[in-house]
Protein chains: 2
Amino acid sequence: MNEEMELDQIIEKIEPIEKEWLEKAKQRTSQLVMPTRALGRIHDIGERLCAINKTLKPTVHRKAFLVMAGDHGVVEEGISAYPQVITGEMVRAFLNGGAGINILADQVNAEVWVVDMGIIAHVAPDSVANPERLLVHKMGQGTQNMAKGPAMSRKNAEAAVLTGFELAADLFKKGVEILGTGDMGIGNTTPSAAIGTVLTNHSIEQMVGRGTGVDDEGLMRKQKAIRRAIEVNQPDPHDGLDVLSKVGGFEIGGIAGCILAAASYHRPLVIDGFISTAGALIAHALCPAVTDYLFAGHCSEEPGHKRMLDHLQLNPILDLGMRLGEGTGGALAMGIIEGAARISRDMLTFEEAGVTEKDA
Amino acid sequence: MNEEMELDQIIEKIEPIEKEWLEKAKQRTSQLVMPTRALGRIHDIGERLCAINKTLKPTVHRKAFLVMAGDHGVVEEGISAYPQVITGEMVRAFLNGGAGINILADQVNAEVWVVDMGIIAHVAPDSVANPERLLVHKMGQGTQNMAKGPAMSRKNAEAAVLTGFELAADLFKKGVEILGTGDMGIGNTTPSAAIGTVLTNHSIEQMVGRGTGVDDEGLMRKQKAIRRAIEVNQPDPHDGLDVLSKVGGFEIGGIAGCILAAASYHRPLVIDGFISTAGALIAHALCPAVTDYLFAGHCSEEPGHKRMLDHLQLNPILDLGMRLGEGTGGALAMGIIEGAARISRDMLTFEEAGVTEKDA
C-alpha cells in the first residue's frame, strides 16, 4: 500500500458542506415558534449539523471520543511541570474510569476510546479495568526531541494521520454520529504551540502558555525549545505533513487523521483545546475544507488557543477557563451540540404549534 | 395569614452559603487527578454546589423548570414586536410540548411546569396535551399599564413572590435538586428593563434592548414607556416589593419567589436570561444573600442583561447569543452544571487513580 497516495486520495475526495443544505436548514429555522433566530448560535450549530448530514433532522445519539496519547522527546528540554511517567499513568486512569474525560463523557453518554499512538509506557491489558477500550498503535516510544531534529519521520507523520483516520472511520462505520478528539501526553502543549506558531503566523510568545503549569523559567525553556525546533527543522507552513513530522507529535497526527475522517464520512467532530486544535491546524493545512465539519468545544485558558481558533475561523462553544485536555471541553460542548440538533429536529413551527406569527 | 410578615420571616431565615464548605470543596478539588484547577470555572460551579448542599458529593439528578407566564398592561404603549395573544398561545405550546424549553429541558431530563401567574387567556385543561403541568395562580388578567401608574398593588406584588416561593418549595420538598426559572409574557422585557434601570443605576438607554425584535420606533416607545413608568411611579430602589409592584410583572414576582425558595431550601437555581434576571434583581433587593444560590445560565443578546448580571456579581455559564427566554439558556446550562457536580462527586484523586503528583 502506498500510504502517501492513499492520504492524497482521502484529501482529494473531501468536499465542503453544501450551501444548499445550509440554506434549507436556515429556512426551517425561520419557521420555528420563536422570535427570529432567538436561540442565536444554537441555530448556527444546528444548521451546520443539518448541512454536514444532508438532513433537516440531524441526530447525534451515538457519541464517542478518541483520546490520543503520545510522549514527546522534547520533554528533556525541561518544558513541562509534570514528570513524563504521568502519560502512561493517565492512560491507565482513562482505562480504569474516574479521570475527567470519563466523567464528562459519561454524562453525555459518549464512549471513550484510548489510543496509544506512541507513549513510552506499556499498558498491560490485565492492569486496567477496561482493556477493550485501549487501541494500541504505537508509532514509537515517544517522539524525538524536536529541538534537536525532526520529531518523527515524514513516513511516521503520515502513518499517524492515517491511523487516526482509520480509527475514526471505523467508529463512523459502526454508527457513531459525533466524534470528539482528546489528548494525553506530558509536554504536548510544546509541539502544539510550535505548530501554532508555524501555521498561524503568530509569534512564539503569542502562542506559548504555561501548559499544565510551568513556572517562569519553564516558560522560557519552552519558548527556547520551540524557537530552536523551528530554526533547526525549518518546517514548511505550506506542507502539513512536514510541520507535523518536524515539530508535531504522534497523538497530534492521530487527531488530524480523525478530522480528515469526519470530513470524509460527513460526520461532525468536536475538537477540544490546545492540542486538538493543533491537530486541526495540521488537518486544515492538508485540506482547508475540513473546518466545515468541526465544532470548537471550548476556548482554553492557554493563550495561543484563541489565536489558533481564529485562524481556523472557528467560534468556541464554551469559554470556561478550562485547560485540561483529554477531550473534556468537547464532552461538555457535546451537550450543547445535542441541544442544537434537537432544536433543529424537534422544535415545532408557528403553524404546527398554532401560534400567531409576528406579522399576522 | 399576614403575608407581609410571612415574607419577612422567609427572608430573615435565609443565610449565605458556608465558606467552610466552600473551603472543604476546594481542598477536594486540589487533590483531583489533573493539573491544579484545570477545569477552570467547572470547579467554581461544583464547589458552590457542594457549599449549597453542604456535601462533597453534590447531585442534581432531579431537575425542574418553573416557566412563569404573565401579561403586561404596558403592551398598549406599543413596546412589543409581537401581539399580546401570543402569551396564551405559547403557554398552550409549552403544555403541548414542542417549544424551545420543552426540547431543551427534555435533553437534560428536566420537568417543565408552566405557571399562569396572570395571563389574559384562559387555558382550558382539555385544550392541551399535558394539563397537569399547568399551575394556575392568576393574579389578574395582565398587569396595569405601568406608564400610567403601578403595574400592580403592593399586596399583589407580595402575593406573586409568595406564590413563586410556594411552588418552588413544593418542588424542592418533592425531591427536585436543581430548579430553573423561565418566563413567558409578551412585553416583559419592558418591565424587566425598568427593574434593571431602577436597581442597577444604569441609564434606560443602557438597559433597554429590542426584546423579541422591535424596530427603531418601537425601541423609542419602549424607552419612553419606561421613562414615564419611573417618573409616574417613583419606585424606591431600596424596597424590592415597591419596585416589583410599580414597574414589574406577575411572572417576575413569581421568579423572585422561586429564588427565595432556593436559598431557603439550600438548592441551586439557574436563572435564564433578561426576565429571570430581573426577578433575581428583585429577590436580591429583598435579600442580598440569595445570589449564593444562583447560577446564571447564559448571557443574553439583550444588552442590559450583562449589566444586571454584573450588578449581581454573577458570571454567566454560556454566551451563545440567545434571547428566547422560557428557561432555554438555563436548560442548556444545566448540562454544564451537572457536569460540574459529577466532577466534584465522581472524579478520582491522584492517590485513588495511582497517578504521580506534580512535586513527586
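Below, chains carry the letters A, B, ... as their sequence lines are ordered, and counting in each starts from 1.
- With a 4.5 angstrom heavy-atom cutoff, B:Arg92 does not touch chain A via any of its atoms.
- If you measure heavy-atom distances from B:Asn102 to chain A, you find no contacts under 4.5 Å at all.
- At a 4.5 Å heavy-atom cutoff, the contact between B:Val85 and chain A is made by side-chain atoms alone.
- Taking chain A as the reference chain and counting heavy-atom pairs below 4.5 Å, the highest number among B:Thr36, B:Leu32, B:Asn96 is found for B:Thr36.
- Residue A:Asp346 touches chain B through both its backbone and its side chain, counting heavy-atom pairs closer than 4.5 Å.
- The one candidate from A:Leu39, A:Ile343, A:Ile336 that meets the side chain to side chain contact (heavy atoms under 4.5 Å, CB included) condition with B:Leu332 is A:Ile336.
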For A:Leu320 and B:Asp44, run side chain to side chain contact (heavy atoms under 4.5 Å, CB included): C-alpha distance rounded to whole Å, both residues' side-chain angles, the deciding distance at 0.1 Å, then the answer. CA-CA 10 Å; A:Leu320 294 169; B:Asp44 302 336; over 6 Å; no

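- Between chain B and the residues A:Arg323, A:Arg41, A:Glu301, the most heavy-atom pairs under 4.5 angstrom are made by A:Arg323.
- Listed options B:Gly98, B:Gly40, B:Ser80 were ranked by heavy-atom pairs under 4.5 angstrom with chain A; first place goes to B:Gly98.
- With a threshold of 4.5 angstrom between heavy atoms, A:Glu338 approaches chain B through its backbone and through its side chain.
- A donor-acceptor contact shorter than 3.5 Å is absent between the side chain of A:Gln107 and the backbone of B:Arg342.
- For a residue to count as touching a neighbouring chain, one of its non-hydrogen atoms must lie under 4.5 Å from one of that chain's; by this rule B:Leu318 touches chain A with the side chain only.
- Nearest approach of A:Glu89 to B:Gly354, heavy atoms of both residues: CD-O, 4.0 Å.
- Contacts of B:Thr328 with chain A are made by side-chain atoms alone, with heavy-atom separations under 4.5 Å and no backbone atom involved.
- Nearest heavy atoms, B:Met34 versus A:Leu324: CB-CD1, 3.5 Å.
- Annotation: maximal heavy-atom pairing with chain A below 4.5 Å, among B:Ala353, B:Ala93, B:Gly97, B:Gly100, occurs at B:Gly100.
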Apply side chain to side chain contact (heavy atoms under 4.5 Å, CB included) to the pair B:Val33 and A:Met90, showing each step before the final yes or no. CA-CA 9 Å; B:Val33 60; A:Met90 284 303 302; 3.6 Å; yes

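- For A:Asp310, the CG atom is densely surrounded, since the number of other residues' heavy atoms within 6.0 Å is greater than 12.
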